[in-house]
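Just so we're clear, the structure is a prediction, and the values are computed from it rather than from any experiment. The figures that follow rest on heavy atoms only: side chains count, while hydrogens, waters and symmetry mates do not.
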Amino acid sequence: LTRLNDLRMDNNKISGTIPSQIGKLTLVDILYLSNNQISGEIPSEIGKLTSLWCLDFMNNKIPGTIPSEIGKLTSLWHLWLHNNQISGTIPFEIVKLTSLVGLILVDN
């Protein structure tokens with residue numbers, strides 16, 4: 001799966017955590033895990049997905065903070081994390097996302 005570039009697993013009943021091994025999917029440019037029952041925090045390894053331009057984790061039960069490694073995703077256009085259980089402050093590293101055109105964090 002290391003050559004995978006589009007991973008859309010939205011609108012299922014996926015539960016549990018996002019595994020740290022997600023960092024091995026370095027060629028993924030679209031990652032949709034929205035509308036599931038994911039309950040684990042966003043792993044710091046998400047920062048290894050430097051080809052990513054769309055990250056959609058909306059409508060889950062994701063707790064915790066947004067990892068600072070999110071700032072490594074400099075190709076990111078869309079970051080949709082709304083309707084989860086995210087808390088804490090927005091990491092300063094988010095200012096490095098100069099390509100970002102959509103950021104949705106409501107209902108956390």
Side-chain angles (χ1 to χ4, degrees):
L1 291 177
T2 55
R3 296 173 55 139
L4 188 69
N5 66 1
D6 189 337
L7 181 58
R8 298 177 194 221
M9 295 172 48
D10 49 328
N11 299 309
N12 288 290
K13 294 180 181 176
I14 298 170
S15 61
T17 62
I18 301 168
S20 61
Q21 291 85 352
I22 199 160
K24 294 182 180 180
L25 302 176
T26 56
L27 297 180
V28 167
D29 52 19
I30 297 173
L31 180 56
Y32 288 173
L33 291 175
S34 61
N35 301 311
N36 283 295
Q37 298 171 8
I38 297 169
S39 57
E41 294 186 13
I42 301 170
S44 60
E45 289 81 3
I46 202 81
K48 295 179 181 177
L49 306 182
T50 55
S51 297
L52 203 60
W53 62 266
C54 187
L55 177 60
D56 181 358
F57 288 170
M58 69 177 177
N59 298 324
N60 280 288
K61 299 175 183 176
I62 298 172
T65 60
I66 300 170
S68 61
E69 289 82 3
I70 206 88
K72 296 178 182 177
L73 306 180
T74 55
S75 298
L76 204 60
W77 287 16
H78 301 285
L79 178 57
W80 299 324
L81 300 175
H82 55 292
N83 198 21
N84 279 289
Q85 297 171 4
I86 294 172
S87 60
T89 60
I90 298 170
F92 177 77
E93 290 80 2
I94 209 160
V95 301
K96 297 176 183 176
L97 305 180
T98 57
S99 298
L100 199 63
V101 295
L103 173 63
I104 307 175
L105 301 173
V106 298
D107 294 325
N108 276 292

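- Clustering ILVMFWY residues whenever any of their side-chain heavy atoms sit less than 4.5 angstrom apart, transitively, puts L103 in a cluster other than the one holding V106.
- Connection of I18 to L27 is not established within any shared hydrophobic cluster, with ILVMFWY side chains joined at heavy-atom distances below 4.5 Å, either directly or through further cluster members.
- Cluster annotation: W80 and I90 are assigned to distinct hydrophobic clusters (Ile/Leu/Val/Met/Phe/Trp/Tyr, side-chain heavy-atom contacts under 4.5 Å, transitive).
- Contact of the I22 side chain with the L31 side chain is registered, since non-hydrogen atoms from C-beta on lie closer than 4.5 Å.
- Remark: D29 CG to D6 CG distance equals 6.5 Å, nearest 0.5 Å.
- The line from OG1 of T17 to CD1 of I14 is 12.0 Å long, rounded to the nearest 0.5 Å.
- Listed here is the closest heavy atom pair of Q85 and N108: N-OD1, 3.4 Å.
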**Request:** Just do the side chain to side chain contact (heavy atoms under 4.5 Å, CB included) check on L73 and L79 with the steps written out, would you?
**Result:** CA-CA 10 Å; L73 306 180; L79 178 57; over 6 Å; no

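- Here the closest heavy-atom approach between residue P43 and residue P19 is recorded as CG-O, 4.0 Å.
- Of all heavy-atom pairs between M9 and N12, the closest is O-ND2, 3.1 Å.
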Show me the side-chain donor-acceptor pairs of residues 52-70 shorter than 3.5 Å, one per line, residues at least two apart or across chains.
{"residue": "D56", "atom": "OD1", "partner": "M58", "partner atom": "N", "Å": "3.1"}
{"residue": "D56", "atom": "OD2", "partner": "S34", "partner atom": "OG", "Å": "3.4"}
{"residue": "N59", "atom": "OD1", "partner": "N83", "partner atom": "ND2", "Å": "2.6"}
{"residue": "N59", "atom": "ND2", "partner": "N35", "partner atom": "OD1", "Å": "2.7"}
{"residue": "N60", "atom": "OD1", "partner": "N36", "partner atom": "N", "Å": "3.2"}
{"residue": "N60", "atom": "OD1", "partner": "Q37", "partner atom": "N", "Å": "3.3"}
{"residue": "N60", "atom": "OD1", "partner": "I38", "partner atom": "N", "Å": "3.1"}
{"residue": "N60", "atom": "ND2", "partner": "L33", "partner atom": "O", "Å": "3.0"}
{"residue": "N60", "atom": "ND2", "partner": "F57", "partner atom": "O", "Å": "3.0"}
{"residue": "N60", "atom": "ND2", "partner": "M58", "partner atom": "O", "Å": "3.2"}

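- For H78 against V101, the heavy-atom pair with the smallest separation is CE1-CG2, 3.8 Å.
- Criterion: ILVMFWY side-chain heavy atoms under 4.5 Å apart, direct or through other members. Under it, L100 and I86 are part of a common hydrophobic cluster.
- Taking NZ from K72 and OG1 from T74, the interatomic distance works out to 11.5 Å, rounded to the nearest 0.5 Å.
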